[in-house]
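Scroll down for the structure; my scribbles are underneath it.
Excluded from the calculations below are hydrogen atoms, water molecules and symmetry mates; all remaining heavy atoms, backbone and side chain alike, are included. Computed from a predicted structure; not experimentally measured. Chain letters run A, B, ... following the sequence lines, proteins first and then strands; every chain starts at 1.
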Amino acid sequence: MVGEIARRSEDFSEWYNELVRRAELADYAPVRGCMVIRPYGYALWEQIQRGLDQRFKETGHRNAYFPLFIPYSFIEKEAEHVRGFSPQLAVVTHGGGEELEEPLVVRPTSEAIIGHLYSKWIKSYRDLPVLINQWCNVVRWEMRPRLFLRTTEFLWQEGHTAHATFEEAEEEARKILDIYAEFAEEEAAIPVIKGRKSESEKFPGALVSYSIEGMMGDRRALQMGTSHNLGQNFARAFNIQYLDRNNQLQYCWTTSWGVSTRFIGAVIMVHGDDQGLILPPRLAPIQAIIVPIYKGDEDGEKSQVLEAVAKVKALLSGSIRVEVDDREGYTPGWKFNEWELRGVPLRIELGPKDVAQEQAVLARRDLPGKEGKRAVPQAALREEAERLLEEIQRSLYKRALEFREAHTHEPKDYEEFKAAVEDGFALAPWCGEAECERAIQEETKATNRCIPLEQEPLSPKARCIRCGRPAKERAVFARAY
RNA sequence: CGGAGGGUAGCGCAGCUCGGUAGCGCGCAGCGUUCGGGACGCUGAGGUCGCGGGUUCGAAUCCCGCCCCUCCGACCA
């Protein structure tokens with residue numbers, strides 16, 4: 001565990017890969033593209049789950065569970081859906097030692113199976129809306145896997161709702177997008193851009209897809225959550241119909257939305273530094289780590305320190321997720337580095353000097369070295385620790401926002417545009433044509449991340465940054481994960 | 001699937017050109033001394049050299065085939 005990790009500024013990919021494993025978030029599995037999420041990484045996922053789940057429930061959603069296997073024919077019912085997903089399906093052809101009558105797809109997402117059930121459950125306008133979420137795993141046979149960012153199997157939540165009108169479905173899709181954005185910014189301290197996906201980037205089968213897009217530490221974009229208004233496409237494919245007040249048979253309007261373990265990748269890539277992870281306090285499984293410092297126990301030093309440590313832990317544990325690192329055989333300096341690698345936002349050092357003065361030393365993870373260290377009287381420790389955690393949370397967000405803004409450009413012409421996407425995000429007017437998007441990608445490697453929902457109206461004379469045809473809105477272009 | 005680099009102890013690597021039966025650092029175990037920014041000493045455990053075949057008296061090393069991993073592209077939450 002000793003040794004430098006790759007420098008973030010020099011080799012971001014290598015830094016990321018090493019960090020995920022060194023911090024014991026995850027490890028490679030024996031099957032290509034699959035990952036093992038280790039207890040520390042899973043604890044982080046549980047924090048994410050907790051925050052999102054609470055928000056879903058507050059807005060009237062309930063959890064359920066649908067099966068892993070989907071009859072192959074279900075996937076084929078929605079034309080764009082099958083076209084979008086068939087290249088990356090895992091298909092089960094044998095079971096119980098015999099070839100199956102119909103192959104089963106391991107769900108890449110659950111619109112199909114849930115649509116099937118919704119068609120059975122929904123009969124009347126009185127049954128609507130249906131607001132269901134599930135936490136589960138899905139499988140997509142990706143070409144180029146990366147820990148957390150793109151794994152063959154991943155964990156996520158997928159919400160699936162059915163409504164009586166387009167407006168209600170649209171409102172739902174937007175409400176969830178707002179929840180995702182609020183969660184990313186408030187809990188993960190990651191500023192995100194809320195936007196609509198272009199036609200070529202939208203979810204297969206959706207009427208309109210929304211996403212939150214974040215800028216990672218290497219200035220590339222990452223889609224951190226999506227919310228789709230599926231229109232009546234899936235309702236027609238799966239026959240999800242209800243009788244309205246006038247006894248007329250109507251197709252439902254459905255939505256789906258998801259956030260995956262990829263979100264953990266974003267937390268790593270946005271906040272981490274050369275020392276390792278920096279976890280935002282609200283998501284950190286361990287918010288404060290107490291490191292006892294003592295020599296031998298001839299003069300009772302060790303027992304005095306440990307006694308004070310126990311007292312401090314008890315003092316804090318009511319309001320803070322705090323743990324003690326009382327492992328023998330590791331020096332304090334080693335532990336400092338270890339917990340920095342693991343991204344614990346606050347470290348509490350407690351040694352003989354502190355026992356004598358009834359104080360403890362607080363060290364902030366986001367400020368390296370002496371700058372982030374301060375001695376605090378034990379009587380004020382709880383209040384001060386709580387305050388510092390909030391300050392770290394805010395300061396991480398501010399840092400990430402300033403970074404994004406420093407690397408977001410509004411190019412005047414295509415030459416500037418090319419330079420802009422080399423540096424980060426380019427916010428530029430465009431014509432809305434898929435062919436132009438494709439050309440931009442070929443020429444610059446940048447893709448259309450989204451059309452930001454919040455943007456100034458364009459002047460009628462505005463022209464597409466690449467082709468010069470009339471533009472009606474701005475899009476964010478960037479190299480993306 | 002195209003381009004590049006790799007696979008030797010848990011991790012990082014050397015050894016391969018020039019064949020002679022495997023080594024270094026870290027980590028791990030035990031004991032002792034240490035402990036306010038990655039301590040040190042001694043002792044020790046740990047390897048079918050990615051897999052299969054071939055050449056040879058003898059292969060980590062040479063030849064053939066395959067598999068896997070990482071990075072850059074096409075795909076993607």
Side-chain angles (χ1 to χ4, degrees), chain A residues 1-6 11-14 16-18 21-22 27-33 83-89 108-109 136-158 180 197 200-201 203-204 209 211-214 222-228 256-266 275-276 291-297 301-302 305 325-341 347-356 359-361 363 368-370 372-373 375 438 441-442 445 447 479-481:
Chain A
M1 201 50 71
V2 171
E4 294 292 308
I5 62 172
D11 189 343
F12 196 84
S13 290
E14 187 60 24
Y16 177 85
N17 285 329
E18 265 187 62
R21 278 178 293 165
R22 289 272 300 271
D27 206 345
Y28 291 110
V31 177
R32 177 191 151 76
R83 205 173 321 130
F85 279 106
S86 57
Q88 38 181 201
L89 293 179
T109 178
C136 68
N137 58 341
V138 289
V139 167
R140 299 179 188 178
W141 220 261
E142 300 288 355
M143 302 313 273
R144 200 144 97 72
R146 281 197 98 199
L147 293 168
F148 288 114
L149 301 175
R150 204 182 310 99
T151 47
T152 301
E153 177 190 11
F154 57 91
L155 305 184
W156 75 347
Q157 58 71 213
E158 48 177 329
Y180 286 164
K197 285 290 186 183
S200 46
E201 295 277 340
F203 178 76
S209 288
S211 73
I212 53 170
E213 302 281 333
L222 183 75
Q223 178 174 311
M224 295 167 58
T226 51
S227 179
H228 317 289
S256 69
W257 27 275
V259 160
S260 73
T261 36
R262 167 182 273 194
F263 199 93
I264 294 173
Q275 312 312 317
V291 178
I293 298 162
Y294 50 80
K295 301 196 202 309
D297 198 28
E301 182 177 289
K302 177 180 171 183
V305 166
D325 186 355
D326 55 4
R327 288 177 292 177
E328 300 285 349
Y330 294 96
T331 62
W334 189 92
K335 291 178 181 176
F336 296 170
N337 283 282
E338 169 80 357
W339 292 107
E340 280 169 7
L341 173 68
R347 183 178 67 243
I348 302 172
E349 305 171 10
L350 218 161
K353 287 180 226 163
D354 306 302
V355 171
Q359 63 173 26
V361 174
K370 287 218 158 39
K373 264 185 164 180
R438 243 194 330 273
Q441 179 167 5
E442 277 165 25
K445 294 180 186 167
T447 51
R479 295 193 59 187
Y481 278 97

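- Nucleotides B:C75 and B:A29 have their C1' atoms positioned 47 Å apart, rounded to a whole Å.
- Under the rule for a salt bridge (charged side-chain N to carboxylate O under 4.0 Å, His left out), the partners of A:K302 that lie at least two apart in sequence or sit in another chain are A:E328.
- One can place NZ of A:K335 at 14 Å from P of B:G37, the figure rounded to the nearest angstrom.
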Return the polar atom pairs (N/O with N/O) between nucleotides 31-36 of chain B and the protein under 3.5 Å, or none.
residue : atom : partner : partner atom : Å
B:C35   : O2'  : A:Y294  : O            : 3.2
B:G36   : O6   : A:G351  : O            : 3.4
B:G36   : O6   : A:P352  : N            : 3.1
B:G36   : O6   : A:K353  : N            : 2.7
B:G36   : O6   : A:D354  : N            : 3.4
B:G36   : O6   : A:D354  : OD2          : 3.3
B:G36   : N1   : A:D354  : OD2          : 2.5
B:G36   : N2   : A:E349  : OE1          : 3.3
B:G36   : N2   : A:D354  : OD2          : 3.3

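- Taking atom C1' on both B:C71 and B:C57, the two are 43 Å apart, rounded to the nearest angstrom.
- Summarising the base pairing, B:G44 is matched to B:C28 through a Watson-Crick or G-U wobble pair whose two defining distances lie under 3.5 Å.
- Here A:R327 lies out of heavy-atom contact (under 4.0 Å) with every strand.
- Rounded to the nearest Å, the gap between the P atom of B:A60 and that of B:G54 is 15 Å.
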Return the polar atom pairs (N/O with N/O) between nucleotides 75-77 of chain B and the protein under 3.5 Å, or none.
residue : atom : partner : partner atom : Å
B:C75   : O2   : A:E142  : OE1          : 3.4
B:C76   : O2'  : A:E142  : OE2          : 2.9
B:C76   : O2   : A:R150  : NE           : 2.5
B:C76   : N3   : A:R150  : NE           : 3.2
B:A77   : O3'  : A:Q223  : NE2          : 2.4
B:A77   : O3'  : A:R262  : NH1          : 3.4
B:A77   : N6   : A:T151  : N            : 3.0
B:A77   : N6   : A:T151  : O            : 2.9
B:A77   : N3   : A:S260  : OG           : 2.9

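- Remark: the separation of the C1' atoms in B:A4 and B:C49 is 24 Å, to the nearest Å.
- Of all nucleotides present, only B:C64 satisfies the Watson-Crick or G-U wobble test against B:G52, with each distance under 3.5 Å.
- In this view, A:E158 satisfies the salt bridge (charged side-chain N to carboxylate O under 4.0 Å, His left out) rule with no residue, not counting sequence neighbours.
- Pair assignment for B:A74 gives none, since no Watson-Crick or G-U wobble pairing has each distance under 3.5 Å.
- We find that CZ of A:R438 is positioned 20 Å from P of B:G73, with the value rounded to whole Å.
- For the atom pair CD (A:E301) and NZ (A:K295), the distance works out to 6.5 Å, reported to the nearest 0.5 Å.
- In this structure, the side chains of A:K197 and A:E213 come closer than 4.5 Å at one or more pairs of heavy atoms.
- Legend: residues meeting side chain to side chain contact (heavy atoms under 4.5 Å, CB included) with A:E349, ordered by chain and number and at least two apart, are A:I293, A:F336, A:R347, A:V361, A:A363, A:K373.
- Rounded to whole Å, the C1' atom of B:C11 lies 11 Å from the corresponding atom of B:C28.
- Distance check on atom P: B:A9 versus B:G15 gives 15 Å, rounded to whole Å.
- The phosphate of B:C69 has neither OP1 nor OP2 within less than 4.0 Å of any side-chain N or O from A:N17.
- Nucleotide B:G5 is matched to B:C69 when pairs are restricted to Watson-Crick or G-U wobble geometry with both distances under 3.5 angstrom.
- Taking a pair to require two hydrogen-bonding distances under 3.5 Å in either a Watson-Crick or a G-U wobble arrangement, B:A39 pairs with B:U33.
- B:C69 atom P lies 12 Å from atom CG of A:L147, rounded to whole Å.
- Listed by chain and residue number, nothing satisfies the salt bridge (charged side-chain N to carboxylate O under 4.0 Å, His left out) test with A:R150 (two or more places apart in sequence, or in another chain).
- In this structure, A:E338 atom CD and B:G27 atom P are separated by 13 Å, rounded to whole Å.
- When all heavy atoms of A:P145 and A:E142 are compared, the pair lying nearest together is CD-O, 4.4 Å.
- Rounding to the nearest 0.5 Å gives a distance of 11.0 Å between CD1 of A:I348 and CG of A:D354.
- Taking atom CZ on A:R22 and atom C1' on B:G38, their separation rounds to 10 Å, with Å as the unit.
- When rounded to the nearest whole Å, the span between CD of A:E442 and P of B:C72 equals 20 Å.
- For B:G20, the paired base is B:C57 (Watson-Crick or G-U wobble, both distances below 3.5 Å).
- B:U33 and B:A45 have their P atoms separated by 24 Å, given to the nearest Å.
- In this structure A:Q157 satisfies the side chain to side chain contact (heavy atoms under 4.5 Å, CB included) test together with A:F56, A:N133, A:W135, A:Y180, A:W257, A:V259, sequence neighbours excluded.
- Every residue meeting the salt bridge (charged side-chain N to carboxylate O under 4.0 Å, His left out) condition with A:R327, not counting sequence neighbours, appears here in chain and number order: A:D325.
- Between B:A59 and B:C40, the distance separating the two P atoms is 42 Å to the nearest Å.
- Taking only side-chain nitrogens and oxygens, A:Y28 comes nearer than 4.0 Å to OP1 or OP2 of B:U70.
- Considering only residues two or more places apart in sequence or on other chains, A:F154 meets the ring pair (Phe, Tyr, Trp, His ring centres under 6.0 Å) condition with A:W156.
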